[in-house]
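On a predicted model such as this, the values are computed, not experimentally measured, just so you know. Just so it is clear: chains get the letters A, B, ... in the order the sequence lines come, proteins before strands, and each one is counted from 1.
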Amino acid sequence: MPTDFENMVYDLLRNVPEGKVTTYKRLAERMGTKAYRAIGSALARNPYAPEVPCHRVVSSNGKIGGFMGKKSGPTILKKQNLLKDEGVEVKDGKIVGFKSKLV
DNA sequence: GACGCTAAAACCG
DNA sequence: CGGTTTTAGCGTC
């Protein structure tokens, strides 16, 4: 159920170049709001699976966000591999060189 | 109405 | 100094 709020988040995500990552707070501040918590919820529902790289969104400390770090499902692991292929290495659920890739 | 999700600050040893 | 934990608020279903 994409809402206006979610639509904004997805649009900003598509603006993130491959090989780079962003944070929930960054997206919130960028869209003019500070609901980074709601963004986490919105990305968790990500209806635009491949078009919206929710895997490029991580927490503010470079650690993987709620989309794939704790459960480590098989689908999630695949996304991590995809990130590495783009140039974003994820080790132990953390982004390697995160601040260097932060947009 | 309830739930989930993140960020920030403060505290301790 | 570092690491960890708790609190608070936002939006969605």
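The distance from atom CZ of A/R37 to atom P of B/dC3 is 18 Å, rounded to the nearest whole Å. Here C/dT12 presents its P atom at 10 Å from CZ of A/R45, a figure rounded to the nearest Å. Distance, A/K63 NZ to C/dG3 P: 12 Å, rounded to whole Å. Straight-line distance from the NZ atom of A/K34 to the P atom of C/dG9: 9 Å, rounded to whole Å. Rounded to a whole Å, the CG atom of A/L43 is 18 Å from the P atom of C/dC10. The interatomic distance linking A/L27 (CG) with C/dG11 (C1') rounds to 15 Å, in whole Å. Remark: C1' of C/dT12 and CG of A/D4 are 14 Å apart, rounded to the nearest angstrom. Remark: P of B/dC5 and CD1 of A/I64 are 15 Å apart, rounded to the nearest angstrom.
Across all their heavy atoms, A/E6 and A/M1 have their closest contact at OE1-O, 3.5 Å. In plain terms, the two heavy atoms of A/V103 and A/P17 that are nearest each other are CG2-CD, 4.2 Å.
Of all nucleotides listed (C/dC13, C/dC10, B/dA7), C/dC13 comes nearest to the side chain of A/T3.
Contact annotation: A/K25 reaches the phosphate of B/dA8 (side-chain N/O to OP1 or OP2, under 4.0 Å). Side-chain N/O atoms of A/S59 include none lying less than 4.0 angstrom from OP1 or OP2 on B/dT6.
With hydrogens and angles disregarded, no donor-acceptor distance shorter than 3.5 Å links the side chain of A/K25 to the backbone of A/R37.
Checking A/D92, A/V57, A/I95, A/V21 one by one against A/I64, the side-chain contact (heavy atoms from CB on, under 4.5 Å) holds for a single residue, A/I95.
If A/A35 and A/M1 are placed on DNA chain C by their nearest nucleotide, the residue sitting closer to the 5' end is A/A35. Residue whose closest nucleotide on DNA chain B sits further toward the 5' end, between A/S41 and A/S60: A/S41.
Note on A/A38: a base of the nucleic acid sits closer than 4.0 angstrom, heavy atoms only.
Between A/E18 and A/R56 there is no salt bridge, since no side-chain N of the basic residue sits under 4.0 Å from a carboxylate O of the acidic one.
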